[in-house]
Amino acid sequence: MAVANEVENRRAKSGKSPQSDGKAERERLRMMMLIRRFEERTYQEYTKPGQKIGGFCHLYSGQEAIAVGIAALFDKQRDYLINGYRCHGHSLALGMSPRAAMAELFGKATGCSKGKGGSMHLFSAEDHNLGGHGIVGGHIPLGVGVAFAQKYKRTGGVTFCLFGDGAINQGTFNEALNLASLYKVPCIFIVENNGVAMGTQVERASAEHDLARRGCGFNMPHYNVDGNDLDTVIAEFGKAVERARNGEGPSYIVANTYRFRGHSMSDAMKYRTKEEMQRARQRDPISLYEVALRERGLLTDEQADAMEEEVNKLIDEAIRQADADPHPDIEDRFTDILAEQYPLEK
Amino acid sequence: MIEEMERDENVFLMGEEVAEYNGAYKVSEGMLDRFGPQRVIDTPISEAGFAGLGIGAATVGLRPIIEFMSWSFTLVCLDQLVNNAANIRYMSGGQFKVPIVFRGGNGIAHQLAATHSHRVETIYARIPGLVVVSPSTPYDAKGLLKTSIRCDDPVIFLESEMLLGDKGEVPDEEYTLPLGKAHVEREGSEVTIISYGKSMARFARPATKVLVEEEGIDVELIDLRTLRPLDLPTIVNSVKKTNRCVIVSEDYGYCGMGGAILAQLQKPCFDYLDAPIENIHSDEIPVPFNHYMEQAMMPSVEKVVAAVKEVTYR
């Protein structure tokens with residue numbers, strides 16, 4: 001009986017009816033697996049001899065529940081998302097093909113940004129994905145502006161503005177949250193707190209260790225969420241979405257998580273102990289969700305295996321294609337700078 | 001601004017003191033009453049915040065006009081203009097555009113000292129992805145601003161506090177002026193004077209009057225109007241014709257606007273020059289508070305007249 005209640009509770013938390021056939025849930029699991037596989041294969045491609053991925057590259061492994069949770073709440077007709085440079089996960093979750101993302105990492109013409117953005121700058125207008133931004137905290141005011149436009153045009157949309165625990169120490173964080181609350185725009189600020197800004201732990205960067213409390217003083221809800229539990233992410237982010245859609249303004253949420261890989265590819269992670277990493281592995285968001293779905297009878301071994309196999313194939317194929325795809329025409333370096341032709345008469 | 005806001009409901013004005021105070025320099029006087037607080041919006045003192053807000057709003061279809069009380073204050077939000085406004089289109093492979101106007105007073109006003117007197121033209125005119133405009137008359141200000149608001153690219157619109165009180169003919173009927181096109185204000189055959197903005201209004205134009213009327217020198221006077229993209233063909237053709245050139249800008253000489261223009265002219269005009277190009281600029285010092293020191297550091301009508309005489313060997 002106790003177990004049955006637990007299952008009921010989980011169902012209630014996920015917002016799904018008890019009759020759920022599990023299709024949506026399995027798709028979320030599949031997407032988390034896809035992101036993980038994408039990132040781990042990216043790691044391999046980046047580090048193997050004859051490196052084909054250049055520049056900075058920041059992996060999302062371990063944080064998948066946040067991007068996939070947002071995608072579950074995302075209304076593609078009217079919502080927008082903007083993020084910092086750890087942007088592979090949300091881009092895939094919002095619908096970018098692994099090929100377009102991988103080709104961008106390879107700098108190819110078929111990449112989402114035609115090879116002009118790279119790993120840190122994945123954009124997709126079609127998916128309402130506003131990037132991928134390389135300067136820590138620089139994009140937070142932009143998120144407020146997108147939400148401002150949604151309110152101005154009364155679209156009913158909301159903006160998910162994501163950034164890391166490092167970004168909250170930038171001045172733009174303060175300015176953006178204050179403006180968002182003053183103008184009561186439908187912006188949901190989400191801190192993906194993986195505990196460390198490059199190599200600087202939260203405790204060494206923020207005088208207030210509880211990052212949710214850094215949201216005090218803006219007259220908006222501010223709270224911590226377990227960012228590794230997908231159902232919790234959906235339920236807790238969902239409250240902020242509802243609030244924003246109802247015209248009640250912005251929220252500030254700290255989604256606590258852990259990144260399994262280094263800050264970027266050159267990071268040996270000497271600032272972490274083996275024990276800490278092992279503990280974190282116990283709370284792998286994908287395993288947690290897999291167990292939850294099995295408990296609820298929504299996932300069989302066969303389904304899980306088939307999913308994994310399909311995802312592996314898909315990413316292998318994306319890498320094969322990205323590798324084979326052409327580099328952009330060298331002359332195209334002069335395009336996409338300005339939208340207009342000059343002299344300009346209007 | 002009023003005409004464009006009436007024409008397109010996606011245009012709005014945002015900045016410090018633009019609404020209830022009616023504008024720090026009264027530029028937006030009456031606009032709050034006319035359009036209401038949804039479209040004429042006061043901000044806290046958060047340049048990076050509201051500049052970025054405007055950029056975000058522009059990427060999803062609005063056409064913001066962001067007023068800075070002074071361009072000097074944009075040094076605290078440089079990242080927004082340089083990294084975000086200018087780069088989003090390129091980094092997204094052309095998926096997004098950023099139709100936004102940033103406007104405010106640029107350059108040396110009067111006794112505001114070093115922090116409030118920056119000339120920011122080369123900070124922005126060197127950045128691909130930005131358009132930089134600097135009007136020198138009321139007529140140009142209106143025509144260029146209207147085109148800037150309709151433009152799908154981010155426009156850095158450099159006004160001058162000192163020119164806000166200037167009077168000039170401004171027709172009531174609809175007109176616009178092209179961006180990226182210099183204006184040959186006076187045709188002449190002996191020397192080309194190139195300038196823009198306040199330097200045009202206060203130094204180059206009055207100096208031309210002196211040179212033509214009192215010295216009998218046939219000056220060709222060019223107002224750049226747009227600093228990026230630079231209308232190189234117009235100025236090159238003029239210098240090839242007159243064989244002499246004086247550039248006038250209150251920017252610094254080293255790494256300044258005049259030097260940048262000079263570098264563009266040097267090669268195409270080399271064989272046509274009868275004298276080295278003169279670059280009249282401000283002294284290489286922080287802008288002093290003292291009135292006389294401030295006046296002394298800037299270009300002047302006298303300095304321009306002397307430079308023209310030098311290149312024409314008078």
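What you see is a predicted model, and the numbers here were worked out from it, not measured in a lab. Convention: sequence-line order gives letters A, B, ...; per-chain numbering from 1.
- Residue contact with chain B, scored on non-hydrogen atoms closer than 4.5 Å, is absent for Lys151(A).
- For Leu338(A), the parts sitting under 4.5 Å from any heavy atom of chain B are the backbone and the side chain alike.
- Neither the backbone nor the side chain of Asn174(A) has a heavy atom closer than 4.5 Å to any heavy atom of chain B.
- In this structure, chain A has a heavy atom under 4.5 Å from the side chain of Asn84(B), while its backbone stays farther away.
- Of the two parts of Ile135(A), only the side chain, counted from C-beta on, holds a non-hydrogen atom closer than 4.5 Å to a non-hydrogen atom of chain B.
- Of the residues considered (Lys181(B), Lys146(B), Gln80(B)), Gln80(B) shows the highest number of contacts with chain A, using heavy-atom pairs under 4.5 Å.
- Residues Leu73(A) and Asp79(A) share a closest heavy-atom pair of O-OD2, 3.9 Å.
- Heavy atoms closer than 4.5 Å to chain A are found nowhere in Thr226(B), neither backbone nor side chain.
- In this structure, a donor-acceptor pair under 3.5 Å is present between the side chains of Asn129(A) and Ser91(A).
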Check the pair Tyr80(A) / Phe74(A) against ring-ring contact (aromatic ring centres under 6.0 Å, His included), numbers first and verdict last. CA-CA 8 Å; Tyr80(A) 279 93; Phe74(A) 199 81; 7.8 Å; no
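- Of the listed residues Arg150(B), Lys97(B), Gln95(B), the one with more heavy-atom pairs under 4.5 angstrom with chain A than any other is Gln95(B).
- Across Gln38(B), Glu9(B), Met91(B), the residue that shares the most heavy-atom pairs under 4.5 angstrom with chain A is Met91(B).
- Side-chain contact of Asn106(B) with Glu159(B): a donor-acceptor pair under 3.5 Å is absent, judged by distance alone.
- The most heavy-atom pairs under 4.5 Å with chain B, out of Gly132(A), Gly143(A), Gly134(A), Ser124(A), come from Ser124(A).
- Checking Thr74(B) against Tyr124(B) by side-chain atom types alone, a donor-acceptor pair falls below 3.5 Å.
- A donor-acceptor contact under 3.5 angstrom links the side chains of Glu220(B) and Ser238(B), judged on distance only.
- Of the listed residues (Tyr342(A), Phe148(A), Tyr152(A)), the one with the most heavy-atom contacts under 4.5 Å to chain B is Tyr152(A).
- Looking at His133(A), only its side chain comes within 4.5 Å of chain B, counting heavy atoms on both sides.
- Contacts between Thr159(A) and chain B at a heavy-atom distance below 4.5 Å are absent for every atom of the residue.
- Options His128(A), Glu126(A), His121(A), Gln150(A) differ in how many heavy-atom pairs under 4.5 Å they form with chain B, and the most are formed by His121(A).
- With a threshold of 4.5 angstrom between heavy atoms, Pro128(B) approaches chain A through its backbone and through its side chain.
- When Gly180(B), Ala57(B), Ala51(B), Gly94(B) are compared by the number of non-hydrogen pairs under 4.5 Å with chain A, Ala57(B) comes out ahead.
- When heavy atoms are compared at a cutoff of 4.5 Å, Asn10(B) approaches chain A by way of both its backbone and its side chain.
- Residue Leu182(A) touches chain B through its side chain alone, counting heavy-atom pairs closer than 4.5 Å.
- If you check the side chains of Ser119(A) and His88(A), you find a donor sitting under 3.5 Å from an acceptor.
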